[in-house]
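Data first, discussion second: the structure below is written as structure tokens.
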There are 2 protein chains.
Amino acid sequence: MLSFWRHGYEATSLSDLTSAMGITAPSIYGAFGDKKTLFLEAVQLYVSGPVNAETIIDSAPTSRHAAAGLLEASAVGFTGRDTPRGCLLASSTISCSAAAADVQAELASIRRKIETRLKEKILRDTKTGAAPPEANAGALAGHIMAVIQGMSTLARDGASREKLRQIAAAAMLGWPA
Amino acid sequence: MLSFWRHGYEATSLSDLTSAMGITAPSIYGAFGDKKTLFLEAVQLYVSGPVNAETIIDSAPTSRHAAAGLLEASAVGFTGRDTPRGCLLASSTISCSAAAADVQAELASIRRKIETRLKEKILRDTKTGAAPPEANAGALAGHIMAVIQGMSTLARDGASREKLRQIAAAAMLGWPA
DNA sequence: ACACTTCTATAGTGACCGATATGAAACAAC
DNA sequence: GTTGTTTCATATCGGTCACTATAGAAGTGT
């Protein structure tokens, strides 16, 4: 999975996987079917890990806390010592061939779900008074998602955890109320 | 070049290029040397085109105008009718094999140059009074770059030009002064 | 001990990758 | 008209891709 994280879906070859996992190709195909399924199961592990977006959003008291929590988790998670830089979900199928368009769409769908969940959290806050009623929930959620995507690329380019934290702080400067 | 833009550096094959350019493989190698050089020349064309980051930054009256101008140019450029979605510079080497690490580093260097130029514009404004002296130039510039990176991915995922404009507006809400 | 199932490794499938050697066609010089 | 040079396409290079057919090893039940 680290190979998928580091090099992306298509640039990771079966021989990369066999040598990293310590098993041979027929075992992989017996257990997972094909490369695509193996990748999507790795993604599923990633997005439902101990620190995952849905949990952060749902357990936050307000949408502001949710946004800040997502950004902080990203700053930490994208610069881990024992993992590749950046985000598996954000970087592994950004550009790929037409043959992988369905995998790309699958990951885009996961990203959209996270954005929608954040947007609805903001919307609820505008109704309860925890956020100004005129706040543009779609724009705010989209902005946070864009920043997270960008932090992934910056982490891959070598940005430090502290730099990502400063970017997160700059992103939260415009949060309403 | 559109093939590089749409599918990225490694996912674009020589046969994609020959059929798109209407010439044969030996002609490409005679003219450019290899695939890597051809790609980097395409990137050079892209980043020095009629609407390019350096010009936007340098011709803006203030760093605030520069940031807003970069975001607006991104919203428009990433959703063009006759070009692939997103940004060639932001998406074509996000994840690639170890063999393309040098190409990846080259594009990262170009992105860093743009960020540095924006940061220095902000720094100058903090000295002339056009921006508050306590503004964190590095964080602000990094934030704008992250948003642009993220807008590229969102555009690829299908976000409309209007959606990107709203994200840009949300990103500028926190701009100081 | 023996038949049977399960698992995995060796070896190889056709297809495509980036990059070229080779030969034919077009053109310039005289 | 002949020669030398340049241009470009056909055909092919070795290598790697995702994937699998085959066969042997390990384990189980009786």
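Given the structure is predicted, the values throughout are model-derived calculations rather than measurements. Labels below follow one simple rule: chain letters A, B, ... track the order of the sequence lines, proteins then strands, and each chain is numbered from 1.
In this structure, Phe39(B) and Tyr9(B) have tilted ring planes: the angle between them lies in the 30° to 60° band.
A donor-acceptor pair under 3.5 Å is formed between the side chain of Asn52(A) and the backbone N or O of Gly49(A). Within the 3.5 Å criterion, the main-chain N or O of Thr93(A) finds a donor-acceptor partner in the side chain of Gln104(A).
The pair Asp157(B)-Arg85(B) does not meet the salt-bridge criterion, since no charged nitrogen lies less than 4.0 angstrom from a carboxylate oxygen. Classification of Glu120(A) and Lys127(A) as a salt-bridged pair fails, no side-chain N sitting under 4.0 Å from a carboxylate O.
Summary of the strand contacts: Gly22(B) and Glu10(A) both lie near DNA chain D, and taking for each the nucleotide with the nearest heavy atom, the more 5' one is attributed to Gly22(B).
To the nearest angstrom, C1' of dC17(D) lies 16 Å from NE2 of His7(A). Following rounding to the nearest Å, Asp34(B) (CG) and dG18(C) (C1') show an atom-to-atom distance of 9 Å. Rounded to whole Å, atom C1' of dA9(D) lies 13 Å from atom CD1 of Ile28(B). Rounded to whole angstrom, the span from the CD1 atom of Ile23(B) across to the P atom of dC8(D) amounts to 9 Å. Protein atom OH of Tyr29(B) is 9 Å distant from nucleotide atom C1' of dT20(C), rounded to whole Å. Put simply, CG on Leu14(A) is 7 Å from C1' on dC19(D), counting in whole angstrom units. Spacing between atom NZ of Lys35(A) and atom C1' of dC17(D) amounts to 8 Å, rounded to whole angstrom units. When rounded to the nearest whole Å, the span between CG of Asp16(A) and P of dC17(D) equals 7 Å.
Taking the side chain of Pro26(B) as heavy atoms from C-beta on, and the options dA18(D), dC8(D), dA21(C), the nearest nucleotide is dA21(C). Considering only side-chain atoms of Thr24(B), the nucleotide from dA18(D), dG18(C), dT10(D) that sits closest is dT10(D). Taking only side-chain atoms of Ala25(A), from C-beta outward, the nucleotide of dT20(D), dA9(D), dT10(C) with the closest atom is dT20(D).
Between Ser15(B) and dC17(C) there is a side-chain N or O to OP1 or OP2 distance below 4.0 Å.
Within the 4.0 angstrom heavy-atom criterion, only backbone atoms of the sugar-phosphate kind lie near Thr12(B); the bases stay farther away.
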